[in-house]
Protein chains: 2
Amino acid sequence: MYDFDADIADCARSIEVALDRYVTIEMLAGPGLPSDRLVAAMRHGSLNGGKRLRPLLVRQAAAVFGVRPEQALQAGMAVEVLHCYSLVHDDLPAMDNDDMRRGRPTVHKAYDDATAILAGDSLLTLAFALLASPDCHADPAVRIALVAELASGSGVGGMVGGQMRDIEGETSILDGEDISQMQAMKTGALIRASVRMGAILGGADARAMSALTYYSEAAGRAFQLADDILDVTASPETMGKATGKDAAAGKQTLVRQLGIDGAREHLAQTVNDALIGLRTFGPKADGLRATARYFGARKS
Amino acid sequence: MYDFDADIADCARSIEVALDRYVTIEMLAGPGLPSDRLVAAMRHGSLNGGKRLRPLLVRQAAAVFGVRPEQALQAGMAVEVLHCYSLVHDDLPAMDNDDMRRGRPTVHKAYDDATAILAGDSLLTLAFALLASPDCHADPAVRIALVAELASGSGVGGMVGGQMRDIEGETSILDGEDISQMQAMKTGALIRASVRMGAILGGADARAMSALTYYSEAAGRAFQLADDILDVTASPETMGKATGKDAAAGKQTLVRQLGIDGAREHLAQTVNDALIGLRTFGPKADGLRATARYFGARKS
């Protein structure tokens, strides 16, 4: 019997241990030795007790093909440090200007803006170094496919492009379709990449990749919708960061368009849509199923 | 007969044409479409008529093994957009706070700080996307080796780590050894990676890689030493950016330690050192030889 609570806890613990071991001066040495302060800022931005949902999706998608969790760990680390870099940069004063993240000062508050910019750049670069290492997978063709997938999902046609559209949306009127597109890039693209990277590790054929991509896009919409609902309904204490920010920033969200009840109904439909993408897979996809349901019932 | 002037001009032109074709909304589409403004900022930060010295080193190192220039173009583009990202972020107000670069407003002046941060992030991510594409090289093992090399040279143990040490150096006393180490990372690591990436494209064996690495490290020192000398001796008009900045920022450089004449003598020795690294190679290394001499005689 698949146990979601055990799976998410084990994944978060293994990522925390692996990052604690990897994000060190010794492990990050290249042609030169990293500065103490920069590595400390990278650790501040990545060793933070997050839920590690993206590595969870990598290993759950890999599990569909019988890949063991430890074989998906390094690819999961890569997606996670990439996610962490995006938070470090998004929190900067020139961007969202957030002081707190997961109940702690953000990197630029704990250090300074220049250090936060460089720590983000370092985490982004580290993501690709992790994928390029033979520790990630023995087959170079698999590793380079992971690089291509992560770069596509996180770049200007994905996550970063979505962040830009989000900023642009603060000063223009977006309709429901615009908002969906922006969110599909800002949050959805990296969730999509996580699932597809797990599928790449598992050697998915075109049909399986297509089904898992369908799942990942619906799961990403569910995750973002839950986030928008929590921004309205949850307390800052529960979330470990400021809430009510979207309304304050004049940001357009589907919650503003549909109302809370309408948004909750839409969320339930979206979770079902994600599950439909998994219908051809057996019990090995129970992890992905549980995560979609978890997105539908998020409390933080 | 090798013609350096023709080589550097042809390389710069081919990079400009390739970037002009590649850094567009159509080519950069991922799961979503990039925003017009972000792509425009990426173009501002990359299509700027630079000398494209790093792609030149990639193709010259590849030429040692008989690789044709067009086969080294995509890897050269990757190194160049990575270099461009580092300039966009270094110019930010939180970092070096530069208003002008190559005679034009820097990206954050032409757009805004948030756009410049995201344009830099996008160019960094694009570098790895370019290496991951089959257009770069047919063999996945070669492509993933290029990713590993670029990530190592540009990350926290290389270029970004050097930038951090440089910032830290403004508020502490560095001795000659500290300065050399910082510069070896900040500027040297990406020059080293460029040469080694050319060698990877050429299928260099361990002995050739070692010789070219020796060359690349001396060439990097020569390049930086010339930069430090020009910061003291050249006009802002010649350089297309502010000069005299190192002294104004209280930055430690070898020029301050050795004096102008001492620094020029040291530069000549360093160029000779680079040439020694090439002594086992025949005329196919004439490109690399000419570039080392060019670093020794830079006027801008």
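Numbered from 1 within each chain, the chains take letters A, B, ... in sequence-line order. Values below: every heavy atom of this structure, side chains too, minus hydrogens, waters and symmetry copies. Owing to the predicted nature of the structure, the values given are computational and were not obtained by experimental measurement.
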Worksheet entry | Engaged part of A/Met164 at the chain B interface, taking heavy atoms whose separation is under 4.5 Å | both
Response to the item:
When the 4.5 angstrom heavy-atom criterion is applied to A/Leu146 and chain B, the contacting part is neither
Worksheet item: What part of A/Leu33 is in contact with chain B, defined as an atom under 4.5 angstrom from a non-hydrogen atom: side chain, backbone, both or neither?
Response: both
Worksheet item: Of the backbone (N, CA, C, O) and the side chain (C-beta and beyond), which part of B/Leu123 lies under 4.5 Å from a heavy atom of chain A, both, or neither?
Response: neither
Worksheet item: By number, which residues in residues 134-141 of chain A have some heavy atom less than 4.5 Å away from chain B?
Response: A/Pro140, A/Ala141
Worksheet item: Which answer fits A/Met42, side chain, backbone, both or neither, if we ask what part of it has an atom under 4.5 Å from a heavy atom of chain B?
Response: side chain
Worksheet entry | Max heavy-atom pair count under 4.5 Å with chain A, selected residue of B/Leu130, B/Asp112, B/Asp90, B/Thr115 | B/Thr115
Item to complete: Answer with side chain, backbone, both or neither: which region of A/Gln163 has an atom nearer than 4.5 Å to a non-hydrogen atom of chain B?
Response: both
Worksheet item: So which part of A/Arg192 gets closer than 4.5 Å to some heavy atom of chain B, the side chain, the backbone, both or neither?
Response: side chain
Worksheet entry | Top of B/Ala189, B/Ala114, B/Gly161, B/Gly158 for chain A proximity - count of heavy-atom pairs under 4.5 angstrom | B/Ala114
Worksheet, complete the sentence: Interface check, chain B: of A/Ser35, A/Ala29, A/Gly155, most non-hydrogen pairs under 4.5 Å belong to A/Ser35
Discussion item. Need one label for A/Glu168: side chain, backbone, both or neither, based on atoms under 4.5 Å from any heavy atom in chain B.
Written reply: side chain
Worksheet, complete the sentence: Pair count under 4.5 Å, heavy atoms only, with chain B: among A/Met159, A/Arg143, A/Arg165, highest is A/Arg165
Worksheet entry | chain B contacts, top residue of A/Thr125, A/Asp113, A/Ile144 (heavy-atom pairs, under 4.5 Å) | A/Ile144
Worksheet item: Which heavy atom in A/Gly30 sits nearest to a heavy atom in B/Ser152, and how many Å separate them?
Response: CA-OG, 4.0 Å
Discussion item. Apply side chain to side chain contact (heavy atoms under 4.5 Å, CB included) to residues B/Leu131 and A/Val147 and explain how you reach the verdict.
Written reply: CA-CA 9 Å; B/Leu131 296 180; A/Val147 169; over 6 Å; no
Discussion item. So, applying side-chain contact (heavy atoms from CB on, under 4.5 Å) with B/Asp121, which one of A/Asp121, A/Val156, A/Ile117 is it?
Written reply: A/Asp121
Discussion item. If I measure from the heavy atoms of chain A, does B/Ala184 come under 4.5 Å with its side chain, its backbone, both, or neither?
Written reply: neither
Discussion item. Can you tell me how far apart CD1 (A/Ile167) and CG (B/Leu118) are? Round to the nearest 0.5 Å.
Written reply: 5.0 Å
Practice prompt. Return the orientation label for the A/Phe128 and B/Phe128 ring planes: parallel under 30°, perpendicular over 60°, tilted otherwise.
Written response: parallel
